[in-house]
2 protein chains.
Amino acid sequence: MLSDTRQRKRSKQREKVLDVVRSTKSHPTADWVFHEVRKELPNVSLATVYRNLNLLAESGKINEVLCDGQLRFDANRDEHFHFICRSCKGIFDIDETRVTSPDFKLPRGYVVQDVRMDFYGICPSCQASQ
Amino acid sequence: MLSDTRQRKRSKQREKVLDVVRSTKSHPTADWVFHEVRKELPNVSLATVYRNLNLLAESGKINEVLCDGQLRFDANRDEHFHFICRSCKGIFDIDETRVTSPDFKLPRGYVVQDVRMDFYGICPSCQASQ
DNA sequence: CTATGTGCAAAGTGTTTGCAAATTT
DNA sequence: AAATTTGCAAACACTTTGCACATAG
């Protein structure tokens with residue numbers, strides 16, 4: 001397991017993986033990140049990309065997003081929500097200011113650390129082309 | 001692909017799969033459903049269970065829930081939210097009356113069909129045992 | 001009778017792991 | 001020098017598919 005507390009050493013590969021995830025708002029898959037990283041480090045392996053994505057998610061530098069059965073990554077650290085288009089399967093960021101966080105009171109004993117809110121529907125461009 | 005509009009015929013297997021998903025609030029995995037169905041139909045195959053879960057989800061009789069990278073199923077058709085425990089990975093239903101749905105105004109053009117809200121944190125029993 | 005559904009085994013997809021060599025501190 | 005990280009290939013877990021036979025309408 002990698003989810004331990006070992007001390008980390010830097011590596012070109014890990015830094016590049018983080019750069020790539022930060023370079024986009026497209027919520028990339030591991031495979032997309034792999035191909036992007038390969039453009040600059042032609043020998044990286046997919047395994048290394050996976051290891052580093054997991055490490056970065058674990059240390060909180062990026063977030064994992066589940067969409068349509070696939071794990072995707074997101075380096076947007078601001079609180080925001082996702083709009084998932086049922087037509088094109090795209091994920092769009094909705095910035096928090098347009099959404100009032102919900103009031104909630106859960107049954108006794110549930111300690112809430114995060115609320116994740118996702119909107120499902122049809123995005124503007126799919127809307128237009130129908 | 002199974003996501004077409006063919007006319008469906010009934011089958012014992014499909015009915016049993018639906019019964020099993022309806023019989024629990026535990027958000028079962030396909031594999032759990034498979035083992036339950038096997039108790040009454042010892043010859044069903046895992047493929048049949050998958051096919052029928054997909055068919056039922058497609059026709060809206062059950063919902064898919066993604067949790068911790070795994071696809072799970074839920075036959076609770078009432079609006080409700082999920083609490084996902086970061087310690088035990090359990091999924092708990094939070095019934096809607098304790099949560100006031102959020103106000104939101106999305107950018108022009110986004111047509112919202114559903115809002116999914118998930119709470120992440122520590123569940124009461126993990127809380128107690130720490 | 002015809003189309004749909006099933007069981008099985010094989011293939012597919014996305015992700016993780018074991019290991020020796022390379023790299024970082 | 002000691003520990004971590006890498007690339008590779010093999011293993012993995014979960015899901016889907018091809019096909020011949022069975023079943024529903």
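Computed from a predicted model, the values in this text were never measured in an experiment. Below, chains carry the letters A, B, ... as their sequence lines are ordered, and counting in each starts from 1.
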Sequence-distant partners of [X], ring-ring contact (aromatic ring centres under 6.0 Å, His included), two or more places apart:
X     : result
B:H27 : B:H82
A:F73 : none
A:F92 : B:Y110

Roughly how many Å is it from [atom1] in [X] to [atom2] in [N], rounded to a whole number?
X     : N      : atom1 : atom2 : answer
A:R38 : D:dG7  : CZ    : C1'   : 9 Å
A:Q7  : D:dT5  : CD    : C1'   : 13 Å
B:L55 : D:dT17 : CG    : P     : 13 Å
B:E58 : C:dG5  : CD    : P     : 11 Å
B:R51 : D:dC19 : CZ    : C1'   : 11 Å
B:N54 : C:dT6  : CG    : C1'   : 15 Å
A:Y50 : D:dC8  : OH    : P     : 16 Å
A:L46 : C:dT13 : CG    : P     : 14 Å

Just call it for B:N52: base, sugar-phosphate, or nothing, with non-hydrogen atoms closer than 4.0 Å on any strand.
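Result for B:N52 = sugar-phosphate.
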Would you sort out whether B:E64 and B:N54 count as a side-chain contact (heavy atoms from CB on, under 4.5 Å), showing the intermediate values?
CA-CA 9 Å; B:E64 300 177 322; B:N54 289 341; 4.2 Å; yes
At a heavy-atom distance below 4.0 Å, what parts of residues 9-21 of chain A sit against DNA chain C?
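Contacts with DNA chain C under 4.0 Å: A:K9, A:R10.
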Select one nucleotide: of C:dT6, D:dT4, C:dT17, the one nearest the side-chain heavy atoms of A:R8.
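For the A:R8 side chain, the nearest candidate turns out to be D:dT4.
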Rounded at 0.5 Å granularity, tell me how far CD in A:E40 sits from CD in A:Q13.
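Between atom CD of A:E40 and atom CD of A:Q13 there are 12.5 Å.
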If I take atom CG from residue B:N63 and atom CG from residue B:L56, how far apart are they, to the nearest 0.5 angstrom?
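The distance works out to 11.5 Å.
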With A:F104, the ring pair (Phe, Tyr, Trp, His ring centres under 6.0 Å) member among B:F83, B:F119, B:F81
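One option only clears the test, and that one is B:F119.
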Would you say B:T24's side chain and B:V21's backbone share a donor-acceptor pair under 3.5 angstrom?
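Between the backbone of B:V21 and the side chain of B:T24 there is no qualifying donor-acceptor contact (under 3.5 Å).
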Hey, is the side chain of B:S45 poking within less than 4.0 Å of OP1 or OP2 on C:dT6, counting only N and O atoms?
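For C:dT6, OP1/OP2 do not have a side-chain N/O of B:S45 under 4.0 Å.
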Does A:R108 have any salt bridge (Lys or Arg N to Asp or Glu O under 4.0 Å) partners at least two apart in sequence or in another chain, and if so, which?
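Salt bridge (Lys or Arg N to Asp or Glu O under 4.0 Å) list for A:R108, sorted by chain: empty.
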Helical bend (five base pairs per end, nearest 10°) for the helix from C:dC1-D:dG25 to C:dT25-D:dA1
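Nearest ten degrees gives 40° for this helix.
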